[in-house]
Colleague: 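Supplied in structure tokens, the structure appears directly below.
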Amino acid sequence: MEHKEISILGAGLVGSLLAALLSQKGFGVDVFEMRGDPRSQKIGEGRSINLALSHRGITALKRAGVFEKIEPALIPMMGRMIHDLKGNLNFQSYGRASQHINSVSRSGLNNILIDHAESHGVNFHFDHKCSQVDLESVAMDFDDPSVRSVSSEVLIGADGAFSMLRRALEKTDRFNFHQHYIEHGYKELHIPAVNGTFAMEPNNLHIWPRGSFMLIALPNPDCSFTCTLFFPFEGDLSFDSLKDDASVLQFFETYFQDVLPLIPDLVAQFQTNPTASLVTIKTSPWVKNRSLLIGDASHAIVPFYGQGMNAGFEDCRLFMEWGEKLKFDWDKLLPYFSNHRKADADAIADLAMKNFVEMRDKVADERFVAIKKLESRLQEAYPDSWIPLYSMVTFSDIPYSKAKKLGELQEQIMRALPDDFDPMSHPLVPIIESFNALKKDVL
Ligand code: FAD
């Protein structure tokens with residue numbers, strides 16, 4: 001058996017970033033990844049090919065000194081571009097003038113993180129599929145019997161939503177595990193560039209909200225867009241119901257008319273591209289002896305707040321900050337991380353579920369739009385007091401659990417507004433006063 005100082009399972013987004021951060025601190029880090037080296041491969045089918053990167057993720061990338069390598073490839077998205085049934089467009093900004101989220105290629109980002117970690121001395125072992133973890137001896141075996149087992153001072157499972165390390169934890173006493181597949185799945189579709197330019201306005205996240213389902217599109221550096229259809233698996237209007245080419249075409253003609261001319265091979269793409277499921281996973285504790293779960297392995301969430309990777313990157317930043325505070329005493333740090341991060345992971349999981357309803361339904365609603373306008377006036381007038389929930393989650397480091405609580409208070413206040421309130425003239429002072437009073441009780 002080989003012995004390592006720190007082993008990380010999974011060279012995905014979180015494992016690669018954490019490896020770089022730990023190696024920069026002087027630890028010996030080995031990363032074991034079941035896939036081949038992604039730098040010499042094409043992107044895996046069925047995974048989302050672009051992601052929204054925002055403040056929390058950027059903060060962690062800056063800490064690792066890698067953000068400047070990623071920044072040139074980012075496409076800023078200033079707000080939501082809502083497409084109604086008739087193809088009319090309505091823009092809703094995400095926050096204040098300069099605040100935006102960023103579309104980034106998953107594989108491009110992953111490759112940069114692996115390169116960066118490697119340049120700081122991390123050893124990557126690709127084609128190493130972990131088949132079993134022994135939590136007592138902090139050791140793991142691999143699928144390939146010719147590969148020697150590895151024991152480690154510390155083992156970190158960054159091996160995603162279907163983590164092998166978590167599987168070992170599931171067999172231990174008092175381990176809590178909650179898994180929920182939502183009724184919707186997703187399918188990705190590709191809008192190609194037109195004569196070398198974007199087929200739609202590139203600096204927005206496009207949304208076609210249709211009540212119980214939706215289509216979204218994020219821009220890519222090659223002037224194409226990646227669309228994702230979030231749609232129920234079963235029911236009258238579902239993936240199941242779109243059995244043949246004609247029904248697919250009819251579905252897009254009815255609900256996404258303005259998309260049809262943008263995807264010439266729509267039906268072929270729809271029939272060929274995989275349909276994938278969406279899962280929320282909550283677990284606790286994330287630690288046993290010297291083994292720890294991190295990222296999706298401990299808290300996989302649905303993608304509707306664009307926060308899964310951002311939360312995983314924030315895990316890495318906090319792990320390092322708390323590590324410094326606790327002098328990297330692993331027996332203190334691992335349980336501390338698990339105990340102190342859990343509430344925030346649960347909060348963003350709940351917020352992400354809630355945001356699905358907002359994205360697919362409420363963004364098209366007049367009252368929702370009016371509330372957003374009022375909130376933007378409130379934020380302008382009282383920037384230290386009223387930060388809209390979306391901004392707290394996306395543009396700040398406020399712990400997710402605190403943002404969730406404050407968001408609930410904001411919602412309570414907004415619910416009490418009369419049906420016909422005017423967002424541009426409604427008095428702000430009474431709102432701020434009641435918010436401040438409520439905050440005192442809750443925080
Ligand atoms: P993963 O990225 O899943 O990486 C895990 C790694 O472990 C993989 O490389 C895998 O091959 C490896 N592995 C697994 N098992 C083993 C094993 N037994 N042995 C060895 N290696 C193993 N997040 C955002 O912040 N913004 C977004 O816009 C966004 N959009 C999304 C859209 C969709 C449709 C989906 C599904 C997710 C989205 N996410 C988004 C979430 C984001 O993809 C995840 O949170 C992120 O990938 C988690 O990173 P990770 O490193 O923890 O796990």
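Worth knowing before you read on, the calculation uses all heavy atoms, side chains too, and leaves out hydrogens, waters and symmetry mates. Note that ligands are numbered from 1 as they come in the structure, with each ligand's atoms numbered from 1 the same way.
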Colleague: Which ligand 1 atoms does G308 reach within 4.0 Å, using its non-hydrogen atoms?
Modeller: 23 (N), 24 (C), 25 (O), 41 (C), 45 (O)
Colleague: With D329, which residues qualify under salt bridge (charged side-chain N to carboxylate O under 4.0 Å, His left out), at least two apart?
Modeller: K332
Colleague: Any N or O of E188 that comes nearer than 3.5 Å to an N or O of ligand 1?
Modeller: no
Colleague: Based purely on interatomic distance, does K129 place a nitrogen or oxygen under 3.5 Å from a nitrogen or oxygen of ligand 1?
Modeller: no
Colleague: Answer yes or no: does an N/O atom from V14 fall short of 3.5 Å to an N/O atom of ligand 1?
Modeller: yes
Colleague: Please indicate whether any nitrogen or oxygen in I294 is less than 3.5 Å from any nitrogen or oxygen in ligand 1.
Modeller: no
Colleague: Looking only at distances, please establish whether an N/O atom of ligand 1 is found under 3.5 Å from an N/O atom of G306.
Modeller: yes
Colleague: Please say which of N111, N110, D115 ends up in a side-chain hydrogen bond (donor to acceptor under 3.5 Å, both in side chains) with R39.
Modeller: D115
Colleague: Once you measure the plane-to-plane angle for H128 and F32, does it fall in the parallel (<30°), tilted (30-60°) or perpendicular (>60°) bin?
Modeller: tilted
Colleague: Taking the six-membered ring of F395 as reference, does the cationic atom of R96 (NZ for Lys, CZ for Arg) lie under 6.0 Å from its centre and within 45° of its axis?
Modeller: no
Colleague: Counting both backbone and side chain atoms, is some N or O of C130 under 3.5 Å from an N or O of ligand 1?
Modeller: yes
Colleague: Using distance alone, determine whether E33 and ligand 1 share an N or O pair under 3.5 Å.
Modeller: yes
Colleague: Please determine if R80 forms a cation-pi arrangement with Y390, meaning its NZ or CZ atom is less than 6.0 Å from the six-membered ring centre and no more than 45° off the ring axis.
Modeller: yes
Colleague: Can A158 be said to touch ligand 1, with heavy atoms closer than 4.0 Å?
Modeller: yes
Colleague: Please compare K187, M140, Q307, R106 and report which has the shortest non-hydrogen distance to atom 43 (O) of ligand 1.
Modeller: R106
Colleague: Does the N or O separation between M34 and ligand 1 drop below 3.5 Å for any pair?
Modeller: yes
